[in-house]
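Single-structure report; data block below.
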Amino acid sequence: QVQLVESGGGLVQAGGSLRLSCVASGRTFSNTAMAWFRQAPGKEREFVAAISWSAGRTLYANSVKGRFTISRDNAKNTVYLQMNSLKPEDTAVYYCAARRYNTVVVTGNAYEYWGQGTQVTVSS
């Protein structure tokens with residue numbers, strides 16, 4: 001079984017920054033792609049960013065490109081999401097996800113493992 005645990009969420013003013021972390025445990029994460037998704041109240045879950053095992057390939061949603069950066073430390077089984085220039089519309093529960101393949105994709109159904117989520121609230 002795989003466990004993903006997110007941390008780093010909180011309340012921040014518009015223009016501020018937060019860094020989310022996701023620690024994976026329960027199996028060896030070799031050649032796996034990981035991603036961040038988010039879900040705002042009353043809205044569908046949406047893709048935020050994804051990264052391949054070697055970090056040689058990343059994908060971002062247009063809404064966060066240039067403001068968010070995804071990275072990973074495989075020695076620590078951890079993926080990060082650095083969020084800068086935060087906007088009120090970034091307010092959501094952020095979920096970490098992992099898949100058993102190394103291709104980065106934006107579709108949530110392609111990811112087999114999910115964390116419980118961490119709340120990010122951006123005040124105006």
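Residue numbers count from 1 along this sequence.
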| field | Distance (rounded to the nearest 0.5 Å) between Trp53 CH2 and Asn31 CG | value |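 That separation rounds to 7.0 Å.
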| request: Enter the distance from Leu4:CG to Ser25:OG here, rounded to the nearest 0.5 Å. | output: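 Rounded to the nearest 0.5 Å, the CG-OG separation comes out at 7.5 Å.
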Donor-acceptor pair, side chain of [X] and main chain of [Y], under 3.5 angstrom:
X	Y	value
Glu6	Gly117	yes
Ser54	Gly56	yes
Arg72	Ser52	yes
Ser63	Ala61	no

| message | Let's go through Asn84 and Phe68 carefully: what are the C-alpha distance in whole Å and the side-chain angles of both, what is the deciding distance for side-chain contact (heavy atoms from CB on, under 4.5 Å) to 0.1 Å, and is it a yes or a no? | response | CA-CA 6 Å; Asn84 299 329; Phe68 291 10; over 6 Å; no
Heavy-atom pair with the smallest gap, counting every atom of [X] and [Y]:
X	Y	value
Lys43	Gln39	O-NE2, 3.0 Å
Ser124	Ala14	CA-CB, 4.4 Å
Ala35	Ala50	CB-CB, 3.8 Å

| task | Have a look at Thr91 and tell me which of Val12, Leu86, Val122, Val120 forms a side chain to side chain contact (heavy atoms under 4.5 Å, CB included) with it. | result |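 Answer after filtering Val12, Leu86, Val122, Val120: Val122.
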| query | Near Gln116 CD, under 6.0 Å, is it more than 12 heavy atoms from other residues, nucleotides or ligands? | reply |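 Check fails, neighbour count at 12 or below.
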| query | Does Val104 sit in a hydrophobic cluster with other residues, and if so which ones, taking ILVMFWY side chains as linked at heavy-atom separations under 4.5 Å, directly or through other members? | reply |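 Result for Val104 is Phe37, Phe47, Leu59, Val93, Tyr95, Val105, Val106, Tyr111, Trp114.
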| query | Taking side chain as C-beta onward, heavy atoms only, is Leu81 less than 4.5 Å from Thr69? | reply |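 In short, these two side chains do not touch, never coming nearer than 4.5 Å.
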| field | Pairwise side-chain contact, Asp73 with Tyr80, heavy-atom cut-off 4.5 Å (strictly under) | value |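 Asp73 reaches Tyr80 side chain to side chain.
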| Given Ile51 and Val79, is the side-chain contact (heavy atoms from CB on, under 4.5 Å) satisfied, shown in steps? | CA-CA 9 Å; Ile51 188 167; Val79 65; 4.0 Å; yes
| request: Take Tyr60 and Ile70, measure what side-chain contact (heavy atoms from CB on, under 4.5 Å) needs, and give me the verdict at the end. | output: CA-CA 9 Å; Tyr60 294 93; Ile70 189 170; 3.4 Å; yes
| request: Could you list all the salt bridge (charged side-chain N to carboxylate O under 4.0 Å, His left out) pairs where at least one residue sits in residues 80-96, not counting sequence neighbours? | output: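 For residues 80-96, and leaving out neighbouring residues, the salt bridge (charged side-chain N to carboxylate O under 4.0 Å, His left out) pairs sorted by first residue read Arg38-Asp90, Arg67-Asp90.
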| field | Val23-Met34 co-clustered via ILVMFWY side chain contacts under 4.5 Å | value |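 Unlinked, Val23 and Met34 end up in two clusters.
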| message | Does Tyr94 form a side-chain contact (heavy atoms from CB on, under 4.5 Å) with Met83? I'd like the steps, not just the answer. | response | CA-CA 11 Å; Tyr94 283 71; Met83 305 186 294; 3.9 Å; yes
| query | Are any of the side-chain nitrogens in Arg99 or Glu112 under 4.0 Å away from the carboxylate oxygens of its partner? | reply |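 No, no charged N to carboxylate O under 4.0 Å.
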